[in-house]
Number of protein chains: 2
Amino acid sequence: MKPTIKDIAAESGVSIATVSRVLSHKTGTYSEKTQAKILAVAKRLGYRKNSTAVELVKKKAAVIALIINATPTNFSTQIIDGIQRRASELGQGVIILYAGNRNAELQHQAIVTALERAVSGILLAAIEPDTEDLTLLKESHVPFCFVSVYLGTDKVLSVSSDNEKLAATTTDYLLDRGHTHIGLAGVDTYHTGSQRIIGYRRALAAHGIQETTIKYGDYSYESGRQLLAEFLPLKVTAIIAASDMVAAGLLNAAQEAGIAVPEQLSLISIDGTDICRITTPALTSLTQDFYQIGAQSVDRVMGEKAATFVPVKLVARGSVKRL
Amino acid sequence: MKPTIKDIAAESGVSIATVSRVLSHKTGTYSEKTQAKILAVAKRLGYRKNSTAVELVKKKAAVIALIINATPTNFSTQIIDGIQRRASELGQGVIILYAGNRNAELQHQAIVTALERAVSGILLAAIEPDTEDLTLLKESHVPFCFVSVYLGTDKVLSVSSDNEKLAATTTDYLLDRGHTHIGLAGVDTYHTGSQRIIGYRRALAAHGIQETTIKYGDYSYESGRQLLAEFLPLKVTAIIAASDMVAAGLLNAAQEAGIAVPEQLSLISIDGTDICRITTPALTSLTQDFYQIGAQSVDRVMGEKAATFVPVKLVARGSVKRL
DNA sequence: GCACGTTACGTAAACGTTTACAATGCCTAT
DNA sequence: ATAGGCATTGTAAACGTTTACGTAACGTGC
């Protein structure tokens, strides 16, 4: 059997309370002599603490649950990385629960699982909650925070890029370079997509342009490929892609159709992952700081100070032409 | 306070034992009438089971720990997806622990954390264990399985592609198309890399070619970019890249150097993720089935029947030229 | 010599379940 | 009527910790 503090206590002739105090570093409550003795015995027996028991008595697990949507995009690694790193600095483990792809049932189930474990916080990445989810979360009294999704209110914790501003910045970038027929490709019909549409419209309107060209999608490569055909008859000179994958899809479809990028069509992509460097030409992007989004969301959910919006930056590569 | 079975028992006038039996579906041990009563009360109180308590008394958590190396590659999503899906079919949760990038200390720590939680199995993805890790794992008596790494022995559970065969197949593919000066780029110096080198040498030797051109790397895009320069003076006509990212790096470096792919240099990449479709030209690849590798590793570690080697396939795209 | 504080440690309850065992009531076969 | 069996429920211990509280020993200052 695995040794417990009971075994250590017996072996070293003290009570389990003392063993516990030494092992959990309640400094000032034990002598150096007993500490040394207990530590030696613990090491000899190969003792390893039972986190489950600790969590039961403390009624809190030192664990953050990350519920993540399996969107066909690829920034999750960076977000997870940021979350993991920051969490471990705060002494928290991370447990990841997949919620499928926009699957209400799985999503709900994931939240329940997190709640059953008495986690110290719940992070929801790329998740659009329904009202049922939201009530469940609120009633649980476990802190939760949306990651890379802004629900449009400050009543619910979240950390993301400012989608409205980001879309406006991207649109302005193209306007500055002389484009006036600008498409928006692959946005979703939820919060993120709507916010980007607002920013996009606002930037155009500020230049006196009322005409907008919006095509919805699901952030995937396939989505981008298919969407190109829909833009062609509309005579846009530039397209803003809702993700790197969408941009890559548009780009490849354009190449197959014999349309030169950026000579005949400019492309700019929202995300800015490694994908942008890999394509030919490399994709100019509105780069989000996913690592920071992840890291800050941990701070947020643990009650530390953290921003709701994480700064983005525009990285010029080779896919936009000045008209 | 969150309601417990005690509250339900009080409310419905039965003992906690009965409540527990109903709630954990010990069919045949309770009447339909009490079942209905208890279920109703549980629902009304908004009862949610405390997994921690269950795990403590059962001495086992229905959770698989996945320890994963933050390699600068991008197949992890697929592996995680496969693991998550299969695990949840078997009623297991998944907790992911990052082990940094070839960081012995973090790696060790991750194993200890998994052990502290009495998980039902430990999966180690893209991890090269040191002897200390291995003893720790063996002595714990918790089943563990390496994922996408084959230690060269069947004494340790693992699920991966057959690297030796895979490299031979890839090399043969190039040989068949008339290439005789073939490079191997970006392999590591551990098990995976060594196995691929063996397969590569074997295939060449079978064609009477003794000359080999091997450059080591870390599977990253940057690694690929840098390596191209080292291959140029060696007059290879084709390069096998150890990962899609390495291939993309080689490709872009080649394009910058004015070397046409595949006309002047053929490229074939080991992995076959979405990256291959995104580049121009698209990368011909030896495609690994990462989803299956993940799924099977769950079966393996849970004692179900599962293969050690998961089949691969060669997918021709546009980066290899017949000489 | 006494009151008091401090240090070091032990006792025992608590966390929320599961489950072995015992107990009860009822039915059936004799 | 009685023994045995079954269905249903209850009692209580156990899982491995933490921690409030109590206590003993030992100064220290008066």
Side-chain angles (χ1 to χ4, degrees), chain A residues 1-39 41-42 45-63 91 112-113 115-120 140, chain B residues 1-39 41-42 45-63 91 112-113 115-120 140:
Chain A
M1 262 344 289
K2 273 182 72 171
T4 70
I5 54 169
K6 219 175 200 165
D7 300 317
I8 300 181
E11 194 85 358
S12 45
V14 298
S15 72
I16 59 163
T18 302
V19 176
S20 170
R21 280 188 285 250
V22 169
L23 260 24
S24 52
H25 309 107
K26 296 263 170 302
T27 31
T29 70
Y30 49 81
S31 69
E32 287 191 14
K33 219 176 67 184
T34 41
Q35 179 190 30
K37 187 170 55 181
I38 288 173
L39 256 28
V41 174
L45 298 185
Y47 172 78
R48 196 120 36 222
K49 99 170 132 208
N50 182 327
S51 299
T52 310
V54 176
E55 286 169 11
L56 180 58
V57 59
K58 291 210 172 163
K59 305 184 91 173
K60 256 303 164 241
V63 163
V112 170
T113 305
L115 258 22
E116 282 179 359
R117 302 210 98 80
V119 295
S120 47
S140 72
Chain B
M1 262 342 290
K2 273 182 71 170
T4 69
I5 55 169
K6 219 176 202 164
D7 300 317
I8 300 181
E11 195 84 0
S12 45
V14 298
S15 72
I16 60 163
T18 302
V19 176
S20 170
R21 281 187 285 250
V22 169
L23 260 26
S24 51
H25 308 108
K26 294 263 170 303
T27 32
T29 70
Y30 50 81
S31 70
E32 286 191 14
K33 219 176 68 185
T34 41
Q35 180 190 29
K37 187 169 57 181
I38 288 173
L39 255 28
V41 174
L45 297 185
Y47 171 78
R48 197 119 37 222
K49 97 172 132 201
N50 182 327
S51 299
T52 310
V54 177
E55 287 169 11
L56 179 58
V57 58
K58 292 211 172 160
K59 306 184 93 173
K60 256 303 165 242
V63 163
V112 170
T113 304
L115 259 22
E116 283 178 358
R117 302 209 100 81
V119 295
S120 47
S140 72

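Any value given below was found using the heavy atoms of this structure, including those in side chains, with hydrogens, waters and symmetry copies removed. Numbered from 1 within each chain, the chains take letters A, B, ... in sequence-line order. Computed from a predicted structure; not experimentally measured.
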Fill in: CZ on B:Arg48 to OG1 on A:Thr113, rounded to 0.5 Å
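Those atoms lie 10.0 Å apart.
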
Among [options], the nucleotide that comes nearest once only the side chain of [X] is considered:
| X | options | result |
| --- | --- | --- |
| B:Ile5 | C:dT17, D:dT19, D:dT9 | C:dT17 |
| A:Lys59 | D:dT9, C:dT18, C:dC15 | C:dC15 |
| A:Tyr47 | D:dG10, D:dT17, D:dT19 | D:dT17 |
| A:Val14 | D:dG10, C:dG10, C:dG16 | C:dG10 |
| A:Ala53 | D:dT8, D:dT17, C:dC15 | D:dT17 |
| A:Ile16 | C:dG10, D:dA12, D:dT17 | D:dT17 |
| A:Thr4 | D:dG16, D:dT9, C:dG16 | D:dG16 |
| B:Ser31 | C:dT11, D:dT9, D:dA12 | D:dT9 |

Worksheet item: For DNA chain C, whose closest nucleotide is more 5', that of B:Pro3 or that of A:Thr29?
Response: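 Result: A:Thr29.
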
Could you check how far [atom1] of [X] sits from [atom2] of [N], rounded to whole Å?
| X | N | atom1 | atom2 | result |
| --- | --- | --- | --- | --- |
| A:Tyr30 | C:dC9 | OH | P | 11 Å |
| A:Arg21 | C:dT7 | CZ | C1' | 11 Å |
| A:Leu23 | D:dT18 | CG | C1' | 12 Å |
| A:Lys58 | C:dC15 | NZ | C1' | 13 Å |
| B:Leu56 | D:dG16 | CG | P | 7 Å |
| B:Ile38 | D:dT8 | CD1 | C1' | 11 Å |
| A:Lys6 | D:dT18 | NZ | P | 14 Å |
| A:Glu116 | C:dT17 | CD | P | 10 Å |

Item to complete: Let me know, please, whether B:Glu32 or B:Val57 comes out on the 5' side of the other along DNA chain D by nearest nucleotide.
Response: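 The residue mapped nearer the 5' terminus is B:Glu32.
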
Fill in: 5' precedence on DNA chain D between A:Ser24 and B:Gly13 (nearest-nucleotide basis)
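In this pair, the answer is B:Gly13.
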
Is the shortest side-chain N/O distance from [X] to OP1 or OP2 of [N] below 4.0 Å?
| X | N | result |
| --- | --- | --- |
| A:Thr18 | C:dG10 | yes |
| A:Ser20 | D:dT18 | yes |
| A:Lys26 | D:dT19 | yes |

Worksheet item: Reckon B:Thr34 touches a base, only the sugar-phosphate, or nothing at all at heavy-atom distances under 4.0 Å?
Response: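 The residue B:Thr34 makes sugar-phosphate contact but no base contact.
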
Discussion item. Testing A:Val41, A:Leu39, A:Thr34 one by one against A:Ser12 for a side-chain contact (heavy atoms from CB on, under 4.5 Å), which residue passes?
Written reply: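 Testing each of A:Val41, A:Leu39, A:Thr34 against A:Ser12, the sole residue satisfying side-chain contact (heavy atoms from CB on, under 4.5 Å) is A:Val41.
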
Fill in: B:Val57, B:Leu56, B:Val54 screened by side-chain contact (heavy atoms from CB on, under 4.5 Å) with A:Thr52, the one that passes
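Of the listed options, the one satisfying the test is B:Leu56.
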
Worksheet item: How close do B:Val19 and B:Ile38 get, heavy atom to heavy atom, and via which atoms?
Response: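 Heavy-atom minimum between the residues: CA-CD1, 3.9 Å.
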
Worksheet item: Would a distance-only check, ignoring hydrogens and angles, find a side-chain to backbone donor-acceptor pair under 3.5 Å from A:Thr4 to A:Lys6?
Response: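 Checked: pair present.
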
Discussion item. Is it the case that the side chain of B:Ser24 and the backbone of B:Ser20 share a donor-acceptor pair, with hydrogens and angles ignored and the cut-off at 3.5 Å?
Written reply: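 A pair under 3.5 Å: yes.
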
